[in-house]
Amino acid sequence: MKDSIHPKVFNTTIVCTTCGTNWPTESTRQNVRVDICSHCHPFYTGEQRIVDTAGQVDRFMKRLQTSQAQQADAARRRDEKNKPAPKKPSLLKEIYGDEA
Ligand SMILES: [Zn+2]
(Lines give C-alpha, C1' and ligand atoms only; values in the text may rest on other atoms or scores of the structure.)
Protein backbone atom coordinates (compact mmCIF):
# COMPACT_ATOMS: atom_id res chain seq x y z
CA MET A 1 0.00 0.00 0.00
CA LYS A 2 1.41 3.33 -1.04
CA ASP A 3 1.59 6.09 1.52
CA SER A 4 -0.40 9.30 1.18
CA ILE A 5 -2.60 8.30 -1.74
CA HIS A 6 -5.45 6.80 0.27
CA PRO A 7 -8.22 8.95 1.70
CA LYS A 8 -8.59 9.21 5.43
CA VAL A 9 -11.23 6.85 6.84
CA PHE A 10 -13.33 7.90 9.82
CA ASN A 11 -15.45 5.95 12.25
CA THR A 12 -18.75 7.71 11.67
CA THR A 13 -22.48 7.13 11.87
CA ILE A 14 -25.07 7.39 9.13
CA VAL A 15 -28.17 9.17 10.43
CA CYS A 16 -31.60 9.03 8.81
CA THR A 17 -33.22 12.43 9.16
CA THR A 18 -36.73 11.02 8.74
CA CYS A 19 -36.79 8.31 11.39
CA GLY A 20 -33.55 8.98 13.29
CA THR A 21 -31.99 5.57 12.81
CA ASN A 22 -28.18 5.44 13.23
CA TRP A 23 -25.65 3.07 11.68
CA PRO A 24 -22.11 3.07 12.90
CA THR A 25 -19.76 2.53 9.96
CA GLU A 26 -16.48 3.56 8.46
CA SER A 27 -16.44 6.18 5.77
CA THR A 28 -14.28 8.80 4.16
CA ARG A 29 -16.93 11.34 5.13
CA GLN A 30 -18.02 12.36 8.59
CA ASN A 31 -21.57 12.93 9.81
CA VAL A 32 -23.41 11.30 6.91
CA ARG A 33 -27.11 12.17 6.80
CA VAL A 34 -29.67 10.48 4.56
CA ASP A 35 -33.25 11.59 3.91
CA ILE A 36 -34.77 8.11 3.89
CA CYS A 37 -33.60 4.67 4.87
CA SER A 38 -34.76 1.07 4.81
CA HIS A 39 -36.50 1.49 8.18
CA CYS A 40 -38.83 4.22 6.93
CA HIS A 41 -39.03 3.84 3.12
CA PRO A 42 -42.51 2.64 2.05
CA PHE A 43 -40.97 0.00 -0.23
CA TYR A 44 -39.44 -1.75 2.79
CA THR A 45 -42.13 -1.02 5.35
CA GLY A 46 -44.92 -2.16 3.04
CA GLU A 47 -47.25 0.61 4.08
CA GLN A 48 -48.41 3.23 1.66
CA ARG A 49 -48.00 6.75 2.94
CA ILE A 50 -48.97 9.25 0.31
CA VAL A 51 -49.44 12.76 1.61
CA ASP A 52 -52.63 13.76 -0.16
CA THR A 53 -53.07 17.43 0.56
CA ALA A 54 -55.05 18.55 -2.49
CA GLY A 55 -57.14 15.42 -3.00
CA GLN A 56 -55.01 14.42 -5.97
CA VAL A 57 -55.20 10.73 -5.12
CA ASP A 58 -58.99 10.91 -5.00
CA ARG A 59 -59.07 12.78 -8.31
CA PHE A 60 -56.77 10.20 -9.86
CA MET A 61 -58.88 7.30 -8.59
CA LYS A 62 -62.02 8.98 -9.96
CA ARG A 63 -60.38 9.48 -13.36
CA LEU A 64 -59.16 5.87 -13.30
CA GLN A 65 -62.67 4.55 -12.61
CA THR A 66 -64.12 6.74 -15.38
CA SER A 67 -61.47 5.56 -17.81
CA GLN A 68 -62.02 1.90 -16.95
CA ALA A 69 -65.79 2.30 -17.36
CA GLN A 70 -65.31 3.94 -20.75
CA GLN A 71 -62.94 1.19 -21.88
CA ALA A 72 -65.38 -1.51 -20.79
CA ASP A 73 -68.21 0.28 -22.61
CA ALA A 74 -66.11 0.63 -25.77
CA ALA A 75 -65.16 -3.05 -25.64
CA ARG A 76 -68.80 -4.05 -25.23
CA ARG A 77 -69.83 -1.89 -28.21
CA ARG A 78 -66.95 -3.30 -30.29
CA ASP A 79 -68.04 -6.85 -29.48
CA GLU A 80 -71.62 -6.06 -30.48
CA LYS A 81 -70.45 -4.48 -33.72
CA ASN A 82 -68.18 -7.42 -34.62
CA LYS A 83 -70.77 -10.05 -33.77
CA PRO A 84 -71.46 -12.14 -36.86
CA ALA A 85 -74.69 -11.24 -38.62
CA PRO A 86 -77.50 -13.77 -38.40
CA LYS A 87 -77.23 -16.26 -41.23
CA LYS A 88 -79.58 -15.61 -44.14
CA PRO A 89 -81.50 -18.57 -45.53
CA SER A 90 -80.07 -19.64 -48.85
CA LEU A 91 -81.79 -18.52 -52.04
CA LEU A 92 -82.47 -22.12 -53.12
CA LYS A 93 -84.23 -22.87 -49.86
CA GLU A 94 -86.13 -19.64 -50.22
CA ILE A 95 -87.34 -20.64 -53.73
CA TYR A 96 -87.89 -24.39 -53.33
CA GLY A 97 -88.49 -24.57 -49.62
CA ASP A 98 -87.05 -27.44 -47.57
CA GLU A 99 -87.84 -30.07 -50.28
CA ALA A 100 -84.66 -29.39 -52.29
ZN1 LIG B 1 -35.29 6.22 8.06
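Not measured: the values here are computed from a predicted model. Start at 1 and go down the list; that is how both ligands and their atoms are numbered.
Closest of all the heavy-atom pairs between T12 and R29 is CG2-O, 3.5 Å.
Electrostatic pairing of D79 and R76 does not count as a salt bridge here, judged by no charged N lying under 4.0 Å from a carboxylate O.
The ring-ring contact (aromatic ring centres under 6.0 Å, His included) pairs that include a residue from residues 17-39 are W23-H39, where partners are two or more places apart or lie in different chains.
To the nearest 0.5 Å, atoms CD1 (I36) and OH (Y44) are separated by 10.0 Å. One distance of note links CG of D35 with NE2 of H41; it measures 11.0 Å at 0.5 Å rounding. Atom CZ of R78 and atom CD of Q71 lie 9.5 Å apart (nearest 0.5 Å).
With waters left out, the protein N, O or S atoms under 2.8 Å from the Zn ion (ligand 1) add up to 4.
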